[in-house]
Undergrad: 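Got a structure here, written out as structure tokens. Questions coming.
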Number of protein chains: 2
Amino acid sequence: MLSVQPHALRRLDGSATILRCNRDQEIPYRPETAGHWCYLIAGAVRRSTIRPDGRRQILELMLPCDFFFVSDDQGGETVEAIVGPTVLASYPAERVDLLADRDRELARELRAIMSQSLRRTRDQLMVLGGVTAVEKVGWFLLTLEKRASDQKGQVELPITRYDIAEYLSVSVETVCRAITDLQQRGIIALVGTRKVKIMDRAALEERGGTKPQGGKLGLIAA
Amino acid sequence: MLSVQPHALRRLDGSATILRCNRDQEIPYRPETAGHWCYLIAGAVRRSTIRPDGRRQILELMLPCDFFFVSDDQGGETVEAIVGPTVLASYPAERVDLLADRDRELARELRAIMSQSLRRTRDQLMVLGGVTAVEKVGWFLLTLEKRASDQKGQVELPITRYDIAEYLSVSVETVCRAITDLQQRGIIALVGTRKVKIMDRAALEERGGTKPQGGKLGLIAA
DNA sequence: CGGCTGGTTGACGAATCTCAATTTCGGTGG
DNA sequence: CCACCGAAATTGAGATTCGTCAACCAGCCG
């Protein structure tokens, strides 16, 4: 995942296939490939897995301009579109590998992409780890604002409460209660059910604690 | 992190520096570098971060034969030895990058390493996510057995209960209680406090649910 | 209008955290 | 070799948070 399109990756454009997906539809792939890299153009995508107890855990959330890899054998993971029309560009892994073999810049950017994906996963891990439900939701809102700020201080929620719950590993009800709580304390304000205004960022960061470090793109910043 | 030393990485040996660390000592680095890759020879290493509430979260646990990256600017993360004498080989990032530019096989192996690190982090994330404390500990024991099996069905715990607690995001007391519980049900047996025999693997996997997928090394298995 | 999905709120119980006390283990010095 | 010390490990009791179950509201679409 990467929010800034690195320029070396542009050289892949020639081998791109445009995919359009509906809601809850798995990202398609051609069985003859070893997987493919995707660049998300519009919509939202989740990488998720099912727990033995039947609940779903969202492992990664992709938003427009993110770059990510989809293996054909996800080993229990599924990658699917979450919202209405989701559009993405797909690049066969073989071709990417071949290009990277000859293009050192591309190779480094691929490492940078994975590095950032790793960083985000670690951030998510830290949040799941311990903080309270309100803090989890607060962190989620801040993260989302950094990644997909509608306007400064305003976030359009691209996903349902259920998805948020599965992303943060809490029950839907708890997500609702947390949002309500933040609202009543004047830290956020809801516009409809899918748009959030951040009224008191400091409080949100303090409670959420974990200032999500959106992350510059270090060259191999693990 | 990688438990199998890929052979292309051997070509780095020329530029290796051997580091020896004591317990709780941060992995040293030279300020003039952009970071370094490390190959853990003996001991154990943790990558951790401090939560706003003061608690520490272990984000990654490195065991002998693991390969991992240490950035000089960890952005709040620290990487340090956990046990007595920890020995590792260090390779400056610049040199690795330069070599990877010319060595496609090395470049691919680097991607594979990061890919596995990502997979493990996702596994950990999933465990933190929802399961009960007993299941967390069970999963941890199984994972550890796969990565560092003393003998089959026997695990030497390289780290303290406190570290386990910080890795699994539960309190130390809860870790103890979980271990006691597993013992009383005959699923595991303790030999001293730092060695565990797995008596009933099936039960452990079932309860722990999440069968930790130690992970073969797919070439770019994201 | 009726059904359905998504969202919200309340009450209750279970699991975990916190605080506190106690025991075990390892090493260190006499 | 033994006594002693501190860190690690364990156990208990009470407080708190969160999940579950259940009811209810609000758009949306046929």
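Convention: sequence-line order gives letters A, B, ...; per-chain numbering from 1. The structure presented is a predicted model; accordingly, all values stated were derived computationally and were not measured.
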Undergrad: Taking all non-hydrogen atoms of both residues into account, name the closest pair between B:Ser48 and B:Arg56 and its distance.
TA: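 In terms of heavy atoms, the two residues are closest at OG-CD, 3.5 Å.
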Undergrad: Do the side-chain N or O atoms of A:Thr132 get closer than 4.0 angstrom to the phosphate oxygens (OP1, OP2) of D:dC18?
TA: yes
Undergrad: In this structure, how many angstroms lie between the C1' atom of D:dT17 and the CG atom of B:Asp53, rounded?
TA: 15 Å
Undergrad: Separation of B:Arg161 atom CZ from D:dA8 atom P, in whole Å?
TA: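 Distance, rounded to whole Å: 12 Å.
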Undergrad: Do A:Arg51 and A:Ser169 have a side chain donor and acceptor closer than 3.5 Å?
TA: yes
Undergrad: With a 4.0 Å limit, can you tell me whether B:Arg177 has a side-chain N or O closer than that to the phosphate oxygens OP1/OP2 of D:dA9?
TA: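 False: B:Arg177 side-chain N/O out of range (4.0 Å or more) of D:dA9 OP1/OP2.
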Undergrad: If you look at every strand shown and take non-hydrogen atoms under 4.0 Å, does B:Leu157 touch a base, only sugar-phosphate, or nothing?
TA: nothing
Undergrad: Has B:Asp72 got a side-chain atom pairing as donor or acceptor with B:Gly35's backbone, closer than 3.5 angstrom?
TA: yes
Undergrad: Distance check needed: D:dT17 C1' versus A:Lys136 NZ, whole Å only.
TA: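 My rounded result for the distance is 11 Å.
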Undergrad: Would you say a side-chain N or O of B:Arg23 is under 4.0 Å from OP1 or OP2 of D:dA8?
TA: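 Indeed, a polar side-chain atom of B:Arg23 lies that close.
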Undergrad: How close or far is atom P of D:dG12 from atom CG of B:Asp181, stated in whole angstroms?
TA: 13 Å
Undergrad: Please report the distance, rounded to the nearest Å, between CD1 in A:Ile164 and P in C:dG6.
TA: 13 Å
Undergrad: Does the side chain of B:Thr174 get closer than 4.0 angstrom to OP1 or OP2 of C:dC17 through an N or O atom?
TA: yes
Undergrad: Check every strand shown and say whether A:Thr160 touches a base, only sugar-phosphate, or nothing at a heavy-atom separation below 4.0 Å.
TA: sugar-phosphate
Undergrad: What's B:Val170 touching, base or sugar-phosphate or nothing? Going by heavy atoms closer than 4.0 Å.
TA: sugar-phosphate
Undergrad: Establish, with yes or no, whether the OP1 or OP2 oxygen of D:dA9 is under 4.0 angstrom from a side-chain nitrogen or oxygen of B:Arg194.
TA: yes
Undergrad: Can you tell me if the side-chain N/O atoms of A:Thr180 get under 4.0 Å from OP1 or OP2 in C:dT9?
TA: yes
Undergrad: A:Ala133 or B:Gly192: which one's nearest nucleotide on DNA chain D is closer to the 5' end?
TA: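 Checking each residue's closest nucleotide, the 5'-ward one belongs to B:Gly192.
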Undergrad: Figure out the CD/C1' separation between A:Glu173 and C:dG10, and round it to whole Å.
TA: 11 Å
Undergrad: In whole angstroms, how far is the C1' atom of C:dG7 from the CD1 atom of A:Ile159?
TA: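 The answer, rounded to whole Å, is 14 Å.
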Undergrad: Do the side chain of A:Gln57 and the main chain of B:Gly129 share a donor and acceptor less than 3.5 angstrom apart?
TA: no
Undergrad: If you round to the nearest 0.5 Å, how far is OH of B:Tyr39 from CD1 of B:Ile113?
TA: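 Atom-to-atom, B:Ile113:CD1 and B:Tyr39:OH are 10.5 Å apart.
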Undergrad: Find the distance A:Leu190:CG to D:dA26:P and express it as a whole number of Å.
TA: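 Those two atoms, CG and P, are 15 Å apart.
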